[in-house]
Amino acid sequence: QVQLVESGGGLVQAGGSLRLSCAVTGRTFSTYVMGWFRQAPGKDREFVASISWDGPLTYYSDSVKGRFTISRDNAKKTVYLQMNSLKPDDTAVYYCAVGPVVGVRSQSGYDYWGQGTQVTVSS
């Protein structure tokens with residue numbers, strides 16, 4: 001099976017930055033898409049960003065566009081989420097996921113999920 005492990009979460013003040021990592025182990029496909037989702041208390045899990053594993057295509061939610069950057073290192077089989085200018089509304093558990101189709105924003109489009117990493121932004 002594919003295993004995903006997120007790391008890099010923590011506490012940060014508003015305006016600060018964090019860099020999340022998601023390491024992928026097990027059998028993977030070079031064409032698989034990597035995505036980031038987040039879930040805040042009392043809210044549904046929402047799409048944050050995604051990147052094609054075999055190319056430079058990236059997608060972002062409107063709420064994070066211009067502040068967050070998704071990237072990948074195929075040699076390390078790791079996807080990253082650089083989060084800048086963090087706001088209290090960014091506070092959530094962040095999950096990485098693997099799916100077969102680029103550009104999908106729905107949870108149902110992803111087959112494997114990590115356990116999540118907590119990001120807390122204080123004001």
Side-chain angles (χ1 to χ4, degrees):
Q1 299 106 301
V2 175
Q3 303 286 331
L4 308 177
V5 181
E6 303 97 334
S7 62
L11 279 67
V12 64
Q13 293 183 345
S17 299
L18 285 173
R19 186 177 179 88
L20 306 184
S21 299
C22 176
V24 183
T25 62
R27 181 66 65 181
T28 59
F29 300 92
S30 62
T31 57
Y32 262 43
V33 171
M34 298 294 300
W36 285 98
F37 290 75
R38 67 186 183 185
Q39 187 166 21
K43 299 179 66 176
D44 294 332
R45 190 172 299 185
E46 65 176 353
F47 172 82
V48 176
S50 65
I51 184 168
S52 57
W53 200 253
D54 62 335
L57 297 176
T58 58
Y59 300 85
Y60 298 92
S61 68
D62 290 339
S63 62
V64 307
K65 189 176 298 182
R67 299 188 297 120
F68 292 10
T69 303
I70 188 170
S71 62
R72 69 186 190 275
D73 185 333
N74 287 341
K76 297 180 179 179
K77 299 182 69 174
T78 300
V79 65
Y80 305 95
L81 186 68
Q82 178 66 46
M83 305 185 295
N84 298 327
S85 301
L86 283 163
K87 306 174 181 179
D89 285 346
D90 295 319
T91 295
V93 177
Y94 284 71
Y95 301 88
C96 64
V98 172
V101 181
V102 67
V104 174
R105 294 171 177 260
S106 172
Q107 293 178 245
S108 63
Y110 295 82
D111 301 314
Y112 302 96
W113 294 81
Q115 292 297 113
T117 185
Q118 177 71 47
V119 172
T120 302
V121 184
S122 65
S123 59

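Since this is a predicted model, take the numbers as computed values, not measurements.
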Q | Distance (rounded to the nearest 0.5 Å) between Tyr60 OH and Ile51 CD1 | A | 7.0 Å
(Q) Considering only residues two or more places apart or on different chains, which pairs with a residue in residues 89-104 satisfy salt bridge (charged side-chain N to carboxylate O under 4.0 Å, His left out)? (A) Arg38-Asp90, Arg67-Asp90
**Q.** Any pair counted as disulfide bond (SG atoms under 2.5 Å apart), so long as it reaches residues 34-80, sequence neighbours left out
**A.** none
Q: Using the rule that two of Ile, Leu, Val, Met, Phe, Trp, Tyr join whenever any of their side-chain heavy atoms come within less than 4.5 Å, decide whether Val101 and Leu57 are in one cluster.
A: yes
Q. Between Val102 and Tyr59, does a side-chain contact (heavy atoms from CB on, under 4.5 Å) hold up when you go through it step by step?
A. CA-CA 9 Å; Val102 67; Tyr59 300 85; 3.4 Å; yes
Q.
Using the rule given for side-chain contact (heavy atoms from CB on, under 4.5 Å), can you reason through Val79 versus Val24, listing the C-alpha separation, both sets of side-chain angles and the distance that settles it, and then say yes or no?
A. CA-CA 8 Å; Val79 65; Val24 183; 5.6 Å; no
Q: Would you list the pairs meeting ring-ring contact (aromatic ring centres under 6.0 Å, His included) in which at least one residue belongs to residues 103-123, sequence neighbours left out?
A: Phe37-Tyr110, Phe37-Trp113
(Q) Rounded to the nearest 0.5 Å, what separates atom CG in Leu18 from atom CD in Gln82? (A) 8.5 Å
Q) Could you give the distance from CG (Leu86) to CZ (Phe68), rounded to the nearest 0.5 Å? A) 5.0 Å
Name every donor-acceptor pair, under 3.5 Å, that has one atom in a side chain of residues 116-123 and the other anywhere in the protein, sequence neighbours excluded.
residue: Thr117; atom: OG1; partner: Gly9; partner atom: N; Å: 3.2
residue: Gln118; atom: NE2; partner: Ala92; partner atom: O; Å: 3.4
residue: Gln118; atom: NE2; partner: Thr120; partner atom: OG1; Å: 3.3

Q | Residue pairs passing the disulfide bond (SG atoms under 2.5 Å apart) test where at least one lies in residues 71-123, sequence neighbours excluded | A | Cys22-Cys96
Q: Please step through side-chain contact (heavy atoms from CB on, under 4.5 Å) for the pair Tyr95 and Leu20, ending with a clear verdict.
A: CA-CA 10 Å; Tyr95 301 88; Leu20 306 184; over 6 Å; no
Q. Can you tell me how far CE of Met34 sits from CG of Asn74, rounded to the nearest 0.5 angstrom?
A. 10.0 Å
Q | Residues that Thr78 engages under side-chain contact (heavy atoms from CB on, under 4.5 Å), provided they are two or more places apart | A | Ser21, Ala23, Lys76, Tyr80
Q.
So, taking the atom named CD in Gln3 and the one named NZ in Lys77, what distance separates them when rounded to the nearest 0.5 Å?
A. 11.5 Å
Q.
Pair Arg19, Ser71 - check side-chain contact (heavy atoms from CB on, under 4.5 Å), show working.
A. CA-CA 11 Å; Arg19 186 177 179 88; Ser71 62; 3.7 Å; yes
